> 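Mind having a look at this structure? Questions to follow.
No experiment lies behind these values; they were computed from the predicted model shown.
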Amino acid sequence: LMKEGTTLTKGEIINNTYEVRFFIDQGAFGETYRVKHRFFEEYQVMKVFKENYVEKTDLNEVINEGRILTRLNHKNVVKVFEINTFIKNNKDRYFITMSFVSGESLAKLLLRKTWGLDVPAATSIMTDVLKGLSAAHNNDPTIVHRDISPDNILLSYDEFPPPIGVLGDFGIAIIIDKKHKLADAGGRYIYFAPECFMNVFQTTSDVFSIGVVFYKMLTGMHPWAYNQSDYNLNDYGEVATMINVGRRETPKKPSLFNNDIDKKLEKVIMKSIEKKMENRFKTAGSFLNALEDACKMEDLEHNYWLDQDLISTT
């Protein structure tokens with residue numbers, strides 16, 4: 001299906017390579033389409049960035065980042081194939097193409113599982129994603145994701161059960177957002193590490209973000225409560241203030257909301273979301289090692305995954 005007012009139309013050919021099949025979604029930075037590569041005969045995802053955001057962006061930085069991402073190959077990372085331009089209405093439009101994942105986002109799953117997932121299910125997903133993120137952190141040069149949230153974690157049902165956790169949407173959008181600071185851009189800021197609000201993004205910043213995601217997977221809640229009614233959520237500065245104020249409190253231990261979380265696992269979770277960088281795991285690899293030590297990995301093949309309401313039917 002196509003949506004009225006979209007940039008591309010069904011059947012349109014981009015750069016004599018990609019045939020547009022249908023519109024998927026529209027986000028803060030652009031539109032997403034499913035396309036078919038005319039020569040490789042495979043389906044991919046194309047994201048077309050909005051004109052007004054690209055105009056004020058350092059495109060060399062975006063292109064350089066995209067080139068690095070094309071060299072990252074791991075089954076738990078969405079593959080980036082190309083970042084390029086095409087001409088539409090006499091204007092250059094920038095796009096990025098990625099592998100197509102047959103499944104849904106973690107965000108959609110958590111909308112159905114409002115009280116969170118059980119420990120084996122959440123740990124299975126987190127282990128997958130940490131493996132992909134470790135590949136990025138161990139890459140030369142190191143790749144920092146910068147934009148981890150449930151929206152950017154995909155669940156592939158190709159080998160179900162269990163679904164495979166796949167990390168997507170590495171921080172191209174963050175580069176574009178440097179000038180714009182869109183407070184409503186996918187709710188990403190609530191997953192930011194404290195240093196990210198000072199424009200510092202390191203591997204341990206990714207650890208914090210994915211730790212918050214893990215906490216939410218297990219409890220259905222965020223580690224900190226934020227008083228949203230006191231702030232203008234369309235203003236980046238006020239959103240940042242709201243988050244910093246909320247994080248003055250000590251986060252509640254996740255075992256208060258999920259009594260299946262034992263002390264060893266809880267210690268790992270709480271270390272991942274330490275506000276001080278020096279107290280966190282430094283990389284996804286060290287987080288993964290601690291998580292595997294804390295859990296019985298053989299329990300991850302849990303019959304929870306046979307619960308059919310887990311799977312999106314849309």
Side-chain angles (χ1 to χ4, degrees), residues 76 106 109-110 113-138 142 144-146 148-150 152-153 162 165 167 189-197 200-226 243-302 304-305:
N76 298 116
L106 176 62
L109 172 60
L110 293 179
K113 296 289 186 179
T114 54
W115 296 104
L117 310 180
D118 74 355
V119 170
T123 307
S124 174
I125 294 171
M126 184 56 49
T127 299
D128 285 344
V129 176
L130 282 172
K131 287 177 180 176
L133 187 60
S134 294
H137 287 178
N138 292 334
T142 296
V144 178
H145 189 289
R146 295 175 290 187
I148 296 173
S149 74
N152 293 338
I153 294 172
L167 185 59
Y189 296 116
I190 206 166
Y191 296 94
F192 264 22
E195 65 271 12
C196 296
F197 292 101
V200 174
F201 295 89
Q202 298 187 7
T203 55
T204 191
S205 310
D206 283 347
V207 165
F208 181 95
S209 297
I210 207 166
V212 174
V213 171
F214 194 27
Y215 188 109
K216 183 172 175 61
M217 272 201 286
L218 287 165
T219 67
M221 304 178 67
H222 281 270
W224 294 274
Y226 303 108
I243 292 171
N244 288 325
V245 169
R247 289 179 182 171
R248 291 174 183 170
E249 302 293 327
T250 301
K252 291 183 171 60
K253 294 183 176 180
S255 59
L256 294 174
F257 309 106
N258 184 339
N259 56 20
D260 290 331
I261 299 172
D262 63 24
K263 290 183 178 179
K264 287 179 67 177
L265 178 57
E266 185 161 77
K267 184 177 179 181
V268 172
I269 297 166
M270 297 302 285
K271 182 172 181 177
S272 72
I273 59 171
E274 282 279 355
K275 287 182 286 186
K276 292 184 177 180
M277 298 171 62
E278 60 270 23
N279 294 338
R280 276 181 237 142
F281 301 109
K282 298 299 181 288
T283 65
S286 55
F287 188 177
L288 176 62
N289 290 338
L291 180 59
E292 290 178 333
D293 287 344
C295 297
K296 294 180 181 179
M297 303 311 291
E298 63 268 19
D299 289 344
L300 299 187
E301 298 288 343
H302 191 259
Y304 179 94
W305 291 122

> Sort and list the pairs that fulfil salt bridge (charged side-chain N to carboxylate O under 4.0 Å, His left out) and have at least one residue in residues 261-282, not counting sequence neighbours.
Glu195-Arg280
> Check Ala284 against Ser134 and note the closest heavy-atom contact, atom names and distance.
C-OG, 3.4 Å
> Does His145 form a side-chain contact (heavy atoms from CB on, under 4.5 Å) with Asn152? I'd like the steps, not just the answer.
CA-CA 10 Å; His145 189 289; Asn152 293 338; 4.2 Å; yes
> Considering only residues two or more places apart or on different chains, which pairs with a residue in residues 259-293 satisfy ring-ring contact (aromatic ring centres under 6.0 Å, His included)?
Phe281-Phe287
> If you round to the nearest 0.5 Å, how far is CD1 of Ile153 from CE of Met217?
6.0 Å
> Distance from Tyr189 atom OH to Ile243 atom CD1, nearest 0.5 Å?
9.0 Å
> Quick one: pull up CD in Glu292 and OG1 in Thr123 and give me the separation to the nearest 0.5 Å.
11.0 Å
> Can you see which heavy atom on Leu218 is nearest to which on Asp118, and at what distance?
CD2-O, 4.3 Å
> If only atom types and distance count, is the side chain of Ser205 paired as donor or acceptor with the main-chain N or O of Gln202 below 3.5 Å?
yes
> Verify side-chain contact (heavy atoms from CB on, under 4.5 Å) between Ile210 and Leu167, making sure each step is shown before the conclusion.
CA-CA 11 Å; Ile210 207 166; Leu167 185 59; 5.6 Å; no
> Is the gap between the ring centers of Tyr191 and Tyr215 under 6.0 Å?
no
> Could you state the interatomic distance from NZ (Lys216) to CG (Leu106), rounded to the nearest 0.5 Å?
9.0 Å
> Just how far is it from atom CD1 of Ile273 to atom NE2 of His222, taken to the nearest 0.5 Å?
11.5 Å
> Out of Asp206, Thr204, Thr283, which one pairs with His137 under the side-chain hydrogen bond (donor to acceptor under 3.5 Å, both in side chains) rule?
Asp206
> Taking CE in Met270 as the centre, count heavy atoms belonging to other residues, nucleotides or ligands within less than 6.0 Å. Is the count above 12?
yes
> What closest approach, in Å, do Arg146 and Phe192 show between heavy atoms, and which atom pair accounts for it?
O-CE1, 3.7 Å
> Take Ile269 and Leu291, measure what side-chain contact (heavy atoms from CB on, under 4.5 Å) needs, and give me the verdict at the end.
CA-CA 8 Å; Ile269 297 166; Leu291 180 59; over 6 Å; no
> Can you list the residues that meet the ring-ring contact (aromatic ring centres under 6.0 Å, His included) rule with Phe208, with sequence neighbours excluded?
Trp224
> Please examine the side chains of Ile148 and Leu133, heavy atoms only from C-beta on, and report whether any two atoms are closer than 4.5 Å.
yes
> Working to the nearest 0.5 Å, report the span between OG of Ser272 and CE of Met126.
8.0 Å
> Could you go step by step and tell me if Phe257 and Trp115 meet the side-chain contact (heavy atoms from CB on, under 4.5 Å) rule?
CA-CA 9 Å; Phe257 309 106; Trp115 296 104; over 6 Å; no
> Is a side-chain N or O of Asn76 found less than 3.5 angstrom from the main chain of Gly165, in a donor-acceptor match?
yes
